[in-house]
Amino acid sequence: MEINGFRGRLITADHADYDTARAVWNGAVDRHPRLIARCGGTADAAAAVRFARGHGLETAVRGGGHNVAGTAVCDDGIVIDLSEMRAVLVDPAARTAQVQGGALWGDVDHETQAHGLATTGGIVGHTGVAGLTLGGGIGFLMRKYGLTVDNLLAAEVVTADGSIVRASRDEHPDLFWALRGGGGNFGVVTTFRFALHPVGPTVLAGPVFWSAEDTTDVLRFYRDFAAEAPDELGTVVRLGTVPPLPVIPGELHWRPAIAVACCYAGAVEAGERAVRELRRFGTPLVDLVSPTPYAAFQGGLDDTVLHGWHYYWKATDLTGLSDAAIAVIADHAYAARSPRSYAALFHMGGAVARAPHDSTAYAGRDVAHNIVIDGVWLPEESGEHAAGETAWARRFLQALQSHRAGSVYVNFLDSDDDTSRVREAYGDHTYRRLAEVKAKYDPDNAFHHNKNIRPG
Ligand code: FAD
């Protein structure tokens, strides 16, 4: 098979690399595309889009391949695969980075930190830049520097007709608005340009763990602590078991526990002051907060969510951490049967909430906390485990019903019963506006293997 004007690698079912090339982060996803087009650059992506349109092929677009729903790969059609386009070019004087559409956050942190710079990215290094950015982008730096999309300055996009356009505040501003939250609906983004900020390279960061029995007390304390926290302090709460990482004493491994992971985007001494009360609360099992290279901290969770394990997620934005919501969380968080399953609460607010709400297509700016419930099991544990972890995640979400804010982070939506929640992710007003931009740039909905916005 050949694609006119394409110089990358074409991988079909008879190719030795086919099975690795079609695998995504979530090992429960098992799809068989007819063709994987590994692009070397923008011209290849444009050739692949034209080929797909010309042949009426189902089309999936792959950045980091991390989306839990596995939308980066489709059955029978073509995967426009950017995973070999991972270059990151930093301009330290302008404080910007040019990032290719297949880069991972570990690539970005590595290159930007060489200059003492960073931008808001995901909390796991092997997550893709493209999918995360296009959905909004939440992470430890967001309260100080905004969402990832608040730092996006421009994007190069191959649109559904195969043309290459630039989107920024001044060029195709409607497309630029939609790309900042509207997901992969509007074309293949081959390059992103981000604003960078001075961060570290050494920051005060790390988790404090308490025993699961202390969950209610810790969360009640945390609610008030987080509400008063300076913008520099980003925190994520993880409820599950202590991951078996070498930095954690072996006797604690797999013990049910609640952790508050902290990262202070400012001077280490100021960070010490900001987290002092948290570290003094109750009786921690272990306190790993210390001056740490930011890039190393960002990679600290990588081995707790490995490629190829099986995953099922449920998520929602929360109205707050009321005592009643905390009771539900404490009741359900440790009821999974797999020790790898966990739930995570992200603390939003700060710069995220202060940005004008219609400045981008990200819809959950007024929410202080969201939760993602992550069922995890090993490939050899399929069957009963799959059903058990899936049921746990669903029950947990159901129990949170009266604490749901009515919105959800689009990048945390899974497949099956979550596909109908795309409107919930955006709300009616933003969804309608996205649908209008979709109608202009992709009227035939060629890019629909995603959290789909229908042209309207
Ligand atoms: P892929 O699976 O490659 O793609 C997902 C979809 O994005 C595709 O179907 C396509 O529609 C679109 N897409 C991908 N690349 C392109 C492109 N170049 N051009 C156009 N469209 C494209 N999110 C956060 O915000 N913060 C976090 O801290 C965070 N942590 C996570 C941790 C883990 C372990 C995981 C699995 C996910 C996490 N996420 C987080 C969610 C993450 O944002 C999504 O999974 C996101 O889709 C990952 O991007 P990707 O490029 O790897 O996705």
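When a ligand or atom number is given, it counts from 1 through the structure's own listing order. This structure is a prediction, so every number in the text was calculated from the model and none was measured.
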Students often mix this up, so state it plainly: with edges at 30° and 60°, are the rings of Tyr441 and His172 parallel, tilted or perpendicular? perpendicular

Check: of Phe192, Phe412, Tyr311, Tyr362, min heavy-atom distance to atom 39 (N) of ligand 1 comes from Phe412

Please report whether ligand 1 has a polar contact with Asn411, defined as an N or O pair separated by less than 3.5 Å (distance criterion only). yes

Taking the six-membered ring for Trp, are the ring centroids of Phe194 and Tyr145 within less than 6.0 Å of each other? no

Nearest heavy atom to atom 37 (C) of ligand 1, choosing from Phe346, Trp25, Trp313, belongs to Trp313

Would you call the rings of Trp377 and His310 parallel, tilted or perpendicular, taking 30° and 60° as the class edges? perpendicular

Indicate yes or no: does an N/O atom of Leu132 lie under 3.5 Å from an N/O atom of ligand 1? yes

Check whether any heavy atom of Trp309 sits under 4.0 Å from an atom of ligand 1. no

Is there a heavy atom of Gly187 sitting under 4.0 angstrom from any atom of ligand 1? yes

Min heavy-atom dist Tyr409 to ligand 1 below 4.0 Å: yes

Looking only at heavy atoms of Gly137, does any of them come nearer than 4.0 Å to an atom of ligand 1? yes

When you check the side-chain N and O atoms of Thr159 and Asp161, is any donor under 3.5 Å from an acceptor? yes

At under 4.0 Å between heavy atoms, which part of Leu104 makes contact with ligand 1: side chain, backbone, both or neither? neither

Give yes if a backbone or side-chain nitrogen or oxygen of Asn450 is under 3.5 Å from a nitrogen or oxygen of ligand 1, and no if not. no

Can you find a non-hydrogen atom of Val24 under 4.0 Å from ligand 1? no

Per-atom filter on ligand 1: closer than 4.0 angstrom to a heavy atom of Gly101 are 18 (N)

Do Glu381 and Ser338 get their side chains close enough for a donor-acceptor pair, meaning under 3.5 Å? no

Numbered in order shown, the ligand 1 atoms found under 4.0 Å of a heavy atom of His449 are 9 (O)

Is the closest heavy-atom distance from Ala60 to ligand 1 below 4.0 Å? no

If you measure every N/O of Gly121 against every N/O of ligand 1, is any gap under 3.5 Å? no

Is the shortest N/O to N/O distance between Ile123 and ligand 1 below 3.5 Å? yes

Would you check if the distance from the ring center of Tyr409 to the ring center of Phe346 is below 6.0 Å? no

CZ of Arg7: more than 12 outside heavy atoms within 6.0 angstrom? no

Can you say whether the rings of Tyr426 and Tyr431 are parallel (under 30°), tilted (30 to 60°) or perpendicular (over 60°)? tilted

Is it the case that ligand 1 has an N or O less than 3.5 angstrom from some N or O of Val129? no

Any donor-acceptor pair under 3.5 Å linking the side-chain atoms of His448 with those of Asp442? no

Sole residue of Val218, Thr215, Leu321, Leu219 in side-chain contact (heavy atoms from CB on, under 4.5 Å) with Val237: Leu219

Subset of ligand 1 atoms that lie under 4.0 Å from at least one heavy atom of Gly128: 49 (O), 50 (P), 51 (O), 52 (O)

Side chains of Tyr362 and Asp150: is there a donor and an acceptor less than 3.5 Å apart? no

Is the His32 ring parallel, tilted or perpendicular to the Tyr18 ring (thresholds 30°, 60°)? tilted

For Gly131, is at least one N or O under 3.5 Å away from an N or O on ligand 1? yes

